[in-house]
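In what follows, chains are A, B, ... by sequence order, proteins preceding strands, each numbered from 1. Hydrogens, waters and symmetry mates are skipped; everything else that's a heavy atom, side chains included, is used.
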2 protein chains.
Amino acid sequence: MKAQSDNLVEAALETLKASTLRVTEPRRALLRLLAEAEKPLSCEEIRARSEGEFDLVTVYRNMEVFREQNIVQTILLESGKQLFELTVEGDHHHHIICRSCHRTLRLELCFGGELERYASSRGFKQLEHKIEVFGLCETCSED
Amino acid sequence: MKAQSDNLVEAALETLKASTLRVTEPRRALLRLLAEAEKPLSCEEIRARSEGEFDLVTVYRNMEVFREQNIVQTILLESGKQLFELTVEGDHHHHIICRSCHRTLRLELCFGGELERYASSRGFKQLEHKIEVFGLCETCSED
DNA sequence: ATTATTAATGCAATTTACTTTCAATAAAAA
DNA sequence: TTTTTATTGAAAGTAAATTGCATTAATAAT
């Protein structure tokens with residue numbers, strides 16, 4: 001699904017242009033890489049996949065930029081380590097994460113409506129919710 | 001509710017004894033402190049509240065022990081920093097957390113059943129779920 | 001009770017994940 | 001084409017958590 005991921009990259013670049021943010025080679029490459037990823041990636045993994053084309057700090061900084069623009073979403077592992085995946089409009093989901101191998105499955109359940117309604121009734125604004133299920137995947141629980 | 005927190009401490013000490021774990025002064029003190037806390041605490045905060053009675057590494061190590069014994073539960077802030085709170089049987093809940101001041105409210109909603117059923121149908125075992133709502137509390141959104 | 005065993009502690013050093021600083025470079029605006 | 005300003009890379013710095021190791025204390029054995 002090449003065209004699909006190209007579209008995601010293009011849309012993200014448009015988002016950048018709409019702010020005062022610049023379209024650079026690292027950003028193009030990072031977006032392409034994220035668009036083609038089969039699972040959420042850490043900054044280290046992203047850098048590894050780019051074969052050292054640019055510095056790790058460039059990955060960190062751009063993930064932060066992308067997050068601010070809602071181009072990527074973050075997932076927190078139990079260790080507190082962050083993973084990143086492209087935001088796809090109309091494809092809100094969460095994850096089931098294997099504690100051992102970090103295999104990640106989409107969790108096609110979400111209670112965002114209820115959760116945010118509850119929080120806003122308590123005076124909270126600018127809400128975001130996180131739902132994560134941690135466990136051992138089939139392979140990792142075989143021992 | 002002094003008696004209540006005493007009971008929690010006693011129950012936790014029993015859990016320790018049931019393994020080969022020892023009942024030490026730091027552990028008593030840490031459990032008491034957690035039982036009396038009005039909100040989830042970080043290791044640094046726990047140490048601060050104990051007025052330097054013992055080393056920070058002792059706090060970290062014991063929180064890990066307590067977590068393994070399900071004596072405490074952890075909460076992950078967006079930064080990846082960990083907070084700890086005593087597990088109270090029959091009082092499963094999640095949190096709404098202010099991004100700015102870290103004020104924490106109990107979130108009296110949980111979809112653990114659905115979430116874990118979904119994950120176990122995908123072959124995952126030893127499940128745990130996390131639900132967190134982040135936002136700005138009334139005070140912090142006033143500017 | 002006393003001694004032996006083994007777990008827990010404190011301190012220092014280390015690691016991991018991430019952030020900041022700053023000079024050099026490149027993108028976009030003039 | 002020049003100027004402006006955002007972005008980058010390299011190195012140093014930071015915060016949270018972890019590890020190694022000698023000392024101390026809790027429990028088990030005698």
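In this structure, B/Leu56 reaches neither bases nor backbone, as no heavy-atom distance under 4.0 Å exists between it and the strands shown. Among the heavy atoms of the strands lying under 4.0 Å from A/Gln82 are primed sugar atoms or P, OP1, OP2 only; no base atom is included.
Each of B/Glu25 and B/Lys81 lies near DNA chain D, and the nucleotide nearest B/Lys81 is the one positioned closer to the 5' end. Mapping B/Ser79 and A/Val23 onto DNA chain C by nearest heavy atom places B/Ser79 at the nucleotide closer to the 5' end. DNA chain D is contacted by both B/Glu64 and A/Thr58; A/Thr58 maps to the nucleotide lying nearer its 5′ end (nearest heavy atom per residue). Take the nearest nucleotide of DNA chain C for B/Asp55 and for A/Glu44: the residue whose nucleotide is more 5' is B/Asp55.
With C/dA28, D/dT7, D/dT8 as the candidates, the nucleotide lying closest to the side chain of A/Arg61 is D/dT8. The side chain of B/Tyr60 lies closest to D/dT18 when the candidates are C/dA17, C/dA8, D/dT18. Out of C/dT19, C/dA7, C/dA12, the shortest distance to the side chain of B/Arg22 is found at C/dA7. The listed nucleotides are D/dT7, C/dA8, D/dA11; the one nearest the side chain of A/Val57 is D/dA11.
With rounding to whole Å, B/Glu78 atom CD is found 17 Å from D/dA16 atom C1'. For B/Ile46 and D/dA17, the CD1 to P distance is 10 Å, given to the nearest whole Å. Spacing between atom CZ of A/Arg27 and atom P of C/dT25 amounts to 19 Å, rounded to whole angstrom units. B/Leu76 has its CG atom 20 Å from the P atom of D/dA15, to the nearest Å. The nearest whole Å value for the distance from the CE atom in A/Met63 to the P atom in C/dA17 is 16 Å.
With contacts defined as side-chain heavy-atom distances shorter than 4.5 Å, the pair B/Leu107/A/Tyr118 qualifies.
In summary, B/Asp55 and B/Arg47 do not engage in a salt bridge, as defined by a charged side-chain N under 4.0 Å from a carboxylate O.
B/Glu108 CD: more than 12 foreign heavy atoms inside a 6.0 Å radius. In the displayed structure, B/Glu138 atom CD is contacted under 6.0 Å by at most 12 heavy atoms of other residues, nucleotides or ligands.
Aromatic pair A/His129/B/His94: centroids not less than 6.0 angstrom apart.
Between B/Thr24 and C/dT9 there is a side-chain polar atom (N or O) within less than 4.0 angstrom of OP1 or OP2.
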